[in-house]
J.: 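Attaching a single structure in structure tokens format; questions to follow.
All values reported here derive from a predicted model rather than from experimental measurement. Whatever order the structure lists them in is the order used to number ligands and atoms, beginning at 1.
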Amino acid sequence: MRNLNQDTITQAVMARFADTPDPRLKDIINSLVRHLHAFAREVKLTEAEWMAGIEFLTRVGHITTDQRQEFILLSDTLGLSMLTVAMNNDKPAGCTEATVFGPFHVEGAPHYEHGDDVANGAAGQPCEVRGTVRGLGGEPVADAVIEVWQADAEGKYDVQREGLPAAQARGVLRSAADGRYHFKSILAEAYPIPDDGPVGDMLRATNRHPWRPAHLHFMIKAPGYETLITHVFRNHDRYLDSDAVFGVRQSLIADWVQQLDGHWLVEFDFVLAPLKSASRPL
Ligand code: BEZ
Ligand code: FE
């Protein structure tokens, strides 16, 4: 095919994918071409702007390492991560809602017992976290694997600090026979997502801030139930309505109450969805 012009090229590119054996891949790539070309037409993309886009994505690639996933950060800040979570986690009413996973989960976090302190030296005001894990029918979920991770008082996750001898402010617990869980940690504080790379440049160029409202991350797994990946947010945080990654859901906001002795307490009950056959891949 020759002499393609701006009116004929989209169909020609899609035709080139006509023999794609995997029907899902064929659908996705055709849709990608259609939308990408429509985008270029809509904004009347100039050659200089096309090059600026290529250079931006190149920088996103160059800064990405095993420890830093700038592509996920880009997806998060464009709302694509949360859109994907929302589309794939349409749970029955009453179940705890899911939100973004984020880049700071670590496999193999230390295991703790009911009531233990997972802070392990992380800086922050003491905070106690407790509640239950239940199924939709109200049944306690015993022995659920509860992973929790959070940033410290300076807004840093342990993996963002070099040379730490052990994990801090993250751990794995199990719910008790009555579905209860309980651990100590530190008070979650609002923090900025990493903004010293191209995604940060994009935020600054568009007058956006990089802050996330204070939250705890949870991943809860139990046989017979959908894995839940979610947060618990702190009520009254100033960034609840402008989360840099669009992850806030009203149902995930809890009251964190300072106690007479100065430590904080947050209680949150999780409700797991029953397993469905096409579950969210992990
Ligand atoms: C987080 O909550 O850990 C997070 C989520 C998305 C981007 C950066 C951080
Ligand atoms: Fe986080």
Side-chain angles (χ1 to χ4, degrees), residues 60 63-86 88-89 96-107 109 118-120 122-125 127 129 146-161 164 167-172 183 185-204 206 208-220 227-235 237-249 251-254 256 264 266 268 270 280 282:
V60 172
I63 203 171
T64 294
T65 63
D66 286 351
Q67 273 75 47
R68 173 159 185 164
Q69 234 301 357
E70 193 82 356
F71 279 107
I72 293 186
L73 213 53
L74 180 59
S75 161
D76 293 340
T77 50
L78 293 177
L80 179 62
S81 309
M82 194 58 214
L83 170 62
T84 310
V85 169
N88 287 279
N89 286 273
T96 304
E97 294 183 284
T99 189
V100 287
F101 194 35
F104 299 123
H105 173 262
V106 172
E107 291 293 339
V118 307
N120 199 24
Q125 299 183 54
C127 182
V129 186
I146 303 170
E147 285 194 59
V148 60
W149 64 104
Q150 69 168 108
D152 63 21
E154 287 173 3
K156 289 262 188 292
Y157 286 80
D158 56 358
V159 287
Q160 295 176 285
R161 295 192 180 280
L164 276 185
Q168 290 187 334
R170 70 174 70 241
V172 185
F183 63 92
S185 187
I186 48 172
L187 183 66
E189 306 277 6
Y191 66 85
I193 61 171
D195 67 343
D196 55 344
V199 169
D201 291 342
M202 183 269 285
L203 294 178
R204 277 180 292 278
T206 54
R208 284 179 55 183
H209 72 69
W211 289 83
R212 296 217 62 207
H215 58 272
L216 296 173
H217 290 259
F218 283 93
M219 177 156 66
I220 304 182
T227 294
L228 173 65
I229 295 172
T230 196
H231 298 0
V232 176
F233 292 95
R234 243 179 95 184
N235 206 355
D237 188 291
R238 63 184 290 204
Y239 298 110
L240 283 171
D241 289 313
S242 63
D243 180 8
V245 305
F246 307 97
V248 178
R249 309 190 85 91
S251 67
L252 302 177
I253 301 173
W256 303 49
W264 292 78
V266 55
F268 196 87
F270 296 97
R280 180 180 177 190
L282 270 179

J.: Counting no waters, how many protein N/O/S atoms sit under 2.8 Å from the Fe ion (ligand 2)?
T.: 4
J.: Show the atoms of ligand 1 that are less than 4.0 angstrom away from any heavy atom in L73.
T.: 7 (C), 8 (C)
J.: Does the plane of the ring in F104 sit parallel, tilted or perpendicular to the ring in Y157? Use 30° and 60° as the thresholds.
T.: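 Correct class here is parallel.
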J.: Looking only at protein heavy atoms, identify the closest one to atom 4 (C) of ligand 1 and say how far it is in Å.
T.: P103 CD, 3.5 Å
J.: Search all heavy atoms of V248 against all heavy atoms of P213 and return the closest pair with its distance.
T.: CG2-CG, 3.7 Å
J.: Does only the side chain of I72 get under 4.0 Å from ligand 1, or the backbone, or both, or neither? Count heavy atoms.
T.: neither
J.: Under 4.0 Å from a heavy atom of H217: give me the atoms of ligand 1 that qualify, with their elements.
T.: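 Under 4.0 Å from H217, ligand 1 has these atoms: 1 (C), 2 (O), 3 (O).
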J.: Can you name the nearest heavy-atom pair linking D158 to A167, along with the distance?
T.: OD2-CA, 3.3 Å
J.: Are W149 and F101 near enough that their ring centres are under 6.0 Å apart?
T.: yes
J.: Might you point out which heavy atoms bring D152 and A122 nearest each other, and give the distance in Å?
T.: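 Shortest heavy-atom contact: CB-CB, 4.3 Å.
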J.: When you measure from atom 6 (C) of ligand 1 to each heavy atom in L216, T77, D76, I193, which option holds the nearest one?
T.: D76
J.: Taking all non-hydrogen atoms of both residues, which atom of D76 and which atom of F246 are closest, and how far apart?
T.: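 Minimum heavy-atom contact is O-CD1, 3.7 Å.
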J.: For atom 1 (C) of ligand 1, tell me which residue out of W149, Y157, Y191 has the closest non-hydrogen atom.
T.: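 Heavy atom nearest to atom 1 (C) of ligand 1 belongs to Y191.
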J.: With a 3.5 Å distance limit and no angle check, can you tell me whether S75 reaches the backbone of S81 through a side-chain donor-acceptor pair?
T.: yes
J.: Give the residue, atom name and distance (to 0.1 Å) of the protein heavy atom nearest atom 5 (C) of ligand 1.
T.: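 The protein heavy atom lying closest is G102 CA, 3.5 Å.
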J.: Is the Lys NZ or Arg CZ of R238 less than 6.0 Å from the centre of W211's six-membered ring, within 45° of the axis?
T.: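 No, cation not above the ring by the 6.0 Å, 45° rule.
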J.: Looking at ligand 1, would F246 count as a contact under a 4.0 Å heavy-atom criterion?
T.: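 Contact absent.
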J.: Where the side chain of T230 meets the backbone of F218, is there a donor-acceptor pair that is under 3.5 Å apart?
T.: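 Between the backbone of F218 and the side chain of T230 there is no qualifying donor-acceptor contact (under 3.5 Å).
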J.: What heavy-atom pair brings R234 and L240 nearest, and what distance separates the two atoms?
T.: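 For R234 and L240, the tightest heavy-atom pair comes out as O-CD1, 3.7 Å.
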